[in-house]
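Side chains included, hydrogens not; waters and symmetry mates left out as well; all remaining heavy atoms used.
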Amino acid sequence: MSPGTRRHTAVADDQDLRAPSTRTEGREVDRLNTAITTILGAARTRIDGGTRCDLRAAARQAIAGRSIELAIPADVDVAVATELVVAVLSPLLETGLRHASSRVWVTGRVQPQGVVIDVLDDGPGFDPAEVDRVFEAGVTSGDGHGLGLAVVRRLAASAGVAVRAVAAGHGRVEVTFPAPEAIA
């Protein structure tokens, strides 16, 4: 994230009342529809239990051929559905690509509290004064609507996944997925 984080507000001004392009609107509706479907599926999964997925395979699906380095150990499962991992990581990867100078990478490690994924980029990173606000709806540092990270946090929370931005001098978001053993 760049240091200029701002909140979108409605302004009664002719220029601000123009409708966004149909293409942008359609993509946003599709993305939010996918997020809602994933949230509902995650809620059902938590009730049913027993869900797990291969984290590296799910991360590859989220990367979807983009130029992003992946360093997640083999044979690491998490206690959430593949769709949830993809829905959480995809917007984080998009944000990283948008703010990176030249590089985005994903690392993973197994910790006692779960499996921790870091989505990193070599951009300016989060402003320490704003790091707690970046997941609020409407907060953005670019031309977006400030919905991506807000949806990520809600989606993650619906499945017991923790997400936090880290002010580290470069872009870094930490995602902690529950390990299957942690909820067994």
> Hey, what do you get for OG (Ser101) to NE2 (His170), rounding to the nearest 0.5 Å?
12.0 Å
> Find the distance between CG (Leu93) and OG (Ser67) and round it off to the nearest 0.5 Å.
11.5 Å
> Taking only Lys NZ, Arg NE, NH1 and NH2, and the carboxylate oxygens of Asp or Glu, determine whether Asp121 and Arg172 approach each other closer than 4.0 Å.
no
> Could you state whether Phe177 and Val166 fall into the same hydrophobic cluster, counting links through intermediate Ile, Leu, Val, Met, Phe, Trp or Tyr residues with side-chain heavy atoms under 4.5 angstrom apart?
no
> State the CD-CG distance between Gln61 and Asp54, to the nearest 0.5 angstrom.
11.0 Å
> What I'd like to find out is whether the side chain of Cys53 reaches to under 4.5 Å of the side chain of Asp77, using heavy atoms alone.
no
> Considering only heavy atoms from C-beta outward, does the side chain of Val116 approach that of Gln113 to under 4.5 Å?
yes
> Name the one of Thr95, Leu89, Ile68, Val163 that satisfies side-chain contact (heavy atoms from CB on, under 4.5 Å) with Val119?
Leu89
> Indicate the atoms forming the closest heavy-atom contact of Gly108 with Pro73, along with that distance.
O-CD, 3.4 Å
> Looking at Ile117, Leu120, Val175, Asp118, which one forms a side-chain contact (heavy atoms from CB on, under 4.5 Å) with Val106?
Ile117
> Distance from Arg66 atom CZ to Ser90 atom OG, nearest 0.5 Å?
5.5 Å
> Are Val152 and Val86 in one and the same hydrophobic cluster, where Ile, Leu, Val, Met, Phe, Trp and Tyr link if side-chain heavy atoms are under 4.5 Å apart?
no
> Does a side-chain heavy-atom distance below 4.5 Å link Pro178 with Val161?
yes
> Under a 4.5 Å cut-off applied to non-hydrogen side-chain atoms, are Leu70 and Arg60 in contact?
yes
> Of all the heavy-atom pairs spanning Leu84 and Ala159, show the shortest one and how long it is.
CD2-CB, 3.6 Å
> So, taking the atom named OG1 in Thr82 and the one named CZ in Arg52, what distance separates them when rounded to the nearest 0.5 Å?
11.5 Å
> Looking at every non-hydrogen atom in both residues, tell me the closest pair between Glu69 and Arg103 and how far apart they are.
OE2-NE, 2.8 Å
> Establish whether Trp105 and Ile72 are linked, either directly or via other cluster members, by ILVMFWY side-chain heavy-atom contacts under 4.5 Å.
no
> Considering only heavy atoms from C-beta outward, does the side chain of Leu55 approach that of Val85 to under 4.5 Å?
yes
> If you define the side chain from C-beta out and look only at heavy atoms, does anything of Val173 sit under 4.5 Å from Phe126?
yes
> Quick one: CD on Glu174 to CG on Leu92, what's the gap to the nearest 0.5 Å?
12.0 Å
> Val151 versus Pro91: any side-chain heavy-atom pair under 4.5 Å?
no
